[in-house]
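For this chain, numbers begin at 1 and follow the sequence in order.
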Amino acid sequence: QVQLVESGGGLVQAGGSLRLSCVVSARTFSSGAMGWFRQAPGKEREFVATITRSGGSTDYATSVKGRFTISRDNSKNTLYLQMNSLKPEDTAVYYCAARTAIWGATIARAYDYWGQGTQVTVSS
C-alpha cells in the first residue's frame, strides 16, 4: 500500500524557518516525481514546489521562489521542503504528493498519491 507521511510542521514567527519531511513507501518514491502543495482555510489547494525523480530539476510557485527549497534523498525515501523567511501568508496545511511520471507537475490532479498533511502556522 502506498503511504506518504509528512512531518515537521508547527508554529513559527514571521521570518523564521521550518523543514518539512515526507517519508514515502519505497516502491512509490523511486518511481516518479514529487511535489508539495498547501491549502489555507477557505482557499483551494495550491502548488508550492515540484522535483523530478532524479532530483535534477525543480520548479516553484512565484510566491515561494527564493525562500523555499525542495529536495529529495532517494536513499532515505524522503522528500523535503526547507522553508525560510516565512510569512503569515504561508500559513496552511502542507501536503506532499507523488506521481508515477518522472517529470514534475504544478497541478494537483497530475499526482496519484497524497499524504495526510502537516499544519504550518506563521505568526506575525
Side-chain angles (χ1 to χ4, degrees):
Q1 183 168 345
V2 174
Q3 283 191 320
L4 290 77
V5 180
E6 302 97 334
S7 63
L11 174 64
V12 64
Q13 289 188 333
S17 298
L18 284 174
R19 188 175 82 155
L20 305 184
S21 299
C22 175
V23 178
V24 188
S25 55
R27 179 166 173 266
T28 301
F29 192 77
S30 64
S31 65
M34 302 283 294
W36 286 99
F37 289 75
R38 66 187 183 186
Q39 187 167 18
K43 296 187 178 181
E44 294 186 353
R45 190 169 299 190
E46 65 173 1
F47 166 73
V48 174
T50 185
I51 188 167
T52 55
R53 180 178 66 180
S54 69
S57 181
T58 59
D59 194 13
Y60 297 90
T62 302
S63 59
V64 307
K65 197 170 293 185
R67 299 188 298 122
F68 290 11
T69 302
I70 187 172
S71 62
R72 63 191 294 167
D73 185 336
N74 289 346
S75 68
K76 296 181 179 179
N77 299 332
T78 304
L79 176 73
Y80 301 101
L81 184 68
Q82 178 66 44
M83 305 185 295
N84 298 328
S85 301
L86 283 161
K87 304 175 181 180
E89 51 263 44
D90 294 318
T91 295
V93 177
Y94 283 71
Y95 298 90
C96 70
R99 63 196 301 253
T100 54
I102 63 173
W103 54 88
T106 62
I107 57 175
R109 65 176 182 268
Y111 290 83
D112 304 296
Y113 309 102
W114 292 85
Q116 83 290 347
T118 186
Q119 176 71 47
V120 171
T121 303
V122 185
S123 64
S124 57

message: Exactly one of L81, V93, L20 should register a side-chain contact (heavy atoms from CB on, under 4.5 Å) with T118. Which one does?
response: L20

task: With V12 as reference, evaluate T91, T121, V122 under the side-chain contact (heavy atoms from CB on, under 4.5 Å) test and give the passing residue.
output: V122

Distance in Å, [X] [atom1] paired with [Y] [atom2], rounded so as to fall on 0.5 Å steps:
| X | Y | atom1 | atom2 | value |
| --- | --- | --- | --- | --- |
| C96 | Y111 | SG | OH | 10.5 Å |
| M34 | Y113 | CE | OH | 11.5 Å |
| Q82 | I70 | CD | CD1 | 12.5 Å |
| F37 | T106 | CZ | OG1 | 7.0 Å |
| E6 | C22 | CD | SG | 5.0 Å |
| S54 | I102 | OG | CD1 | 8.0 Å |

If only atom types and distance count, is the side chain of [X] paired as donor or acceptor with the main-chain N or O of [Y] below 3.5 Å?
| X | Y | answer |
| --- | --- | --- |
| T78 | D73 | no |
| R72 | G55 | no |
| T52 | S57 | yes |

Smallest separation among heavy atoms of [X] and [Y], with atom names:
| X | Y | value |
| --- | --- | --- |
| A108 | W114 | O-CZ2, 3.4 Å |
| A92 | A40 | CB-N, 3.8 Å |
| A14 | S124 | CB-CA, 4.4 Å |
| S85 | S17 | N-OG, 4.3 Å |

Report whether [X] and [Y] are members of the same hydrophobic cluster (ILVMFWY, side-chain heavy atoms less than 4.5 Å apart, transitive linking).
| X | Y | answer |
| --- | --- | --- |
| L86 | Y60 | yes |
| I51 | W36 | yes |
| L18 | V64 | yes |

- prompt: Do V120 and M83 have side-chain heavy atoms sitting under 4.5 Å apart?
  reply: yes

- request: Report yes or no: do Y94 and R38 form a side-chain donor-acceptor pair below 3.5 Å?
  value: yes

